[in-house]
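Note: hydrogens, waters and symmetry copies are ignored here, and every other heavy atom, side chains too, is used.
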Amino acid sequence: MTEIILRYFPDLTGSQIDRFSRLKDIYLTWNSRINVISRKDIDNFFVHHLLHSLAIAKIIHFTGGTRILDAGTGGGFPGIPLAVFFPDSEFFLLDSIEKKIKVVSSVAAELEIMNVKPLCKRIEEEKGRYEFVLSRAVTTFPEFVKLTRKNIGTENRNELRNGIICLKGGDLSAELGPFIQKAVIWNIDDFFYESWFETKKIVYLPL
């Protein structure tokens, strides 16, 4: 199923292809022990989890040395796929649930993804500064901004200004509230043709 990934990212290296192709089996093994990914959703792993995470790579190419915080990473999405895609950037994968961070640590170790640092803590406790904070449906957008804007650094090194990037779904006009004028929204089905992406969006808020 890595053909789906190569359809949209044809310039992947052999190392990246190898890591992406092995991800599903690793998560299947973990899913047999704890519920990392919904049982009914694991068959759609490459589209619903891997490709969905990589949608962020369609709007930004993180420069080397960029520090990115995946807040509420769960089992490692979008952080793990993006760390494979951007090996010269640093990804900090944060979750307050210890067993999920255990999965993240194990996946990164097994695939030798050296640019991943797991963090087991609540986002309120995290004091580090990053160029970008990412999330995938962690909480409402205004609440996420409230929790994480303290973690956005002031030194810009990418084409997009430092800020928050979220993977969201559905009608966001009400949820974005006070940020509706400042946020930039991309429809993921402009990048990927699978029907599942018809309601999926990327929301970017420069800070």
Side-chain angles (χ1 to χ4, degrees), residues 8 35-42 44-62 66-82 85 91-97 100 119 121-154 156 158-207:
Y8 300 111
N35 191 23
V36 183
I37 295 172
S38 166
R39 301 286 200 276
K40 63 183 180 181
D41 209 28
I42 195 71
N44 300 307
F45 177 83
F46 283 100
V47 172
H48 293 191
H49 300 280
L50 183 46
L51 194 57
H52 190 209
S53 298
L54 292 178
I56 290 172
K58 288 293 187 180
I59 67 152
I60 184 171
H61 191 283
F62 296 118
T66 299
R67 288 166 52 90
I68 300 120
L69 176 67
D70 179 1
T73 188
F77 301 96
I80 289 283
L82 288 171
F85 196 89
F91 288 83
F92 298 77
L93 276 56
L94 179 149
D95 205 284
S96 62
I97 300 174
K100 291 185 176 179
L119 303 172
K121 60 173 72 173
R122 293 172 55 82
I123 185 59
E124 293 90 339
E125 301 166 351
E126 173 57 15
K127 308 300 184 190
R129 303 295 288 271
Y130 305 87
E131 278 81 28
F132 294 94
V133 178
L134 313 180
S135 88
R136 189 172 75 150
V138 170
T139 184
T140 63
F141 192 75
E143 180 65 16
F144 190 75
V145 174
K146 180 181 176 182
L147 289 170
T148 61
R149 69 186 314 152
K150 71 182 188 311
N151 300 111
I152 302 296
T154 56
N156 294 279
N158 290 270
E159 288 185 15
L160 292 183
R161 209 169 90 207
N162 294 357
I164 291 169
I165 302 175
C166 291
L167 294 169
K168 289 281 188 178
D171 183 2
L172 298 174
S173 53
E175 182 182 337
L176 291 182
F179 304 108
I180 192 70
Q181 298 298 325
K182 192 176 180 183
V184 181
I185 302 172
W186 289 268
N187 296 312
I188 297 181
D189 65 356
D190 287 340
F191 310 128
F192 305 145
Y193 303 130
E194 284 72 17
S195 60
W196 186 76
F197 292 111
E198 287 176 2
T199 61
K200 308 299 181 186
K201 297 174 171 60
I202 304 170
V203 180
Y204 160 62
L205 181 70
L207 290 173

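- S135 approaches A71 most closely through the heavy-atom pair CB-O, 3.9 Å.
- Of all the heavy atoms in L50 and P81, the pair that sits closest is CD1-CB, 3.5 Å.
- Using cut-offs of 30° and 60° for the angle between ring planes, the H52 and W196 rings count as perpendicular.
- Residues L69 and T148 are not in side-chain contact: their nearest non-hydrogen atoms beyond the backbone lie 4.5 Å or more apart.
- Of the candidates L93, L94, D70, L94 is the only one forming a side chain to side chain contact (heavy atoms under 4.5 Å, CB included) with L119.
- In this structure, OG1 in T139 is found 7.0 Å from CG in L147, a value given to the nearest 0.5 Å.
- Classification of the F62-F91 ring pair by plane angle, with boundaries at 30° and 60°, yields perpendicular.
- The side chain to side chain contact (heavy atoms under 4.5 Å, CB included) with F132 is formed by just one residue from the set I164, N151, L160, I152; it is L160.
- The distance from the CZ atom of R129 to the NZ atom of K150 is 10.0 Å, given to the nearest 0.5 Å.
- The closest donor-acceptor contact from the side chain of R122 to the backbone of D95 lies at 3.5 Å or more, if one exists at all.
- For the atom pair H61 NE2 and N158 CG, the distance stands at 10.0 Å (nearest 0.5 Å).
- For the pair K58/D190, no side-chain contact is recorded, criterion being any heavy-atom separation below 4.5 Å from C-beta on.
- A distance of 13.5 Å separates NZ in K200 from CD in E194, rounded to the nearest 0.5 Å.
- Test N187, I188, D189 against E198 for side chain to side chain contact (heavy atoms under 4.5 Å, CB included) and you get one pass: D189.
- Inter-residue side-chain proximity for L82 and I56 is flagged as met; some heavy-atom pair is nearer than 4.5 Å.
- Here the two rings, on Y8 and F191, have centers that are 6.0 Å apart or farther.
- Taking all atoms of both residues into account, the shortest heavy-atom contact from R136 to P78 is CB-CD, 4.1 Å.
- Between E175 and P142 the shortest side-chain heavy-atom distance falls below 4.5 Å.
- Within the 4.5 Å cutoff, no side-chain heavy atoms of F92 are placed close to those of T73.
- The aromatic rings of F141 and F179 lie perpendicular to each other, with more than 60° between the two planes, well past the 30° mark.
- Environment of CD in E124: crowded, with over 12 heavy atoms of neighbouring residues, nucleotides or ligands closer than 6.0 Å.
- Two residues are said to be in side-chain contact when any heavy atoms from C-beta on lie closer than 4.5 Å; Y204 and I60 fail this criterion.
- Note that CZ of F144 is 7.5 Å distant from CG of L134, once rounded to the nearest 0.5 Å.
- Under the 4.5 Å side-chain criterion, counting only non-hydrogen atoms from C-beta, R149 is not in contact with V133.
- Atom NZ of K146 has 12 or fewer heavy atoms from other residues, nucleotides or ligands within 6.0 Å.
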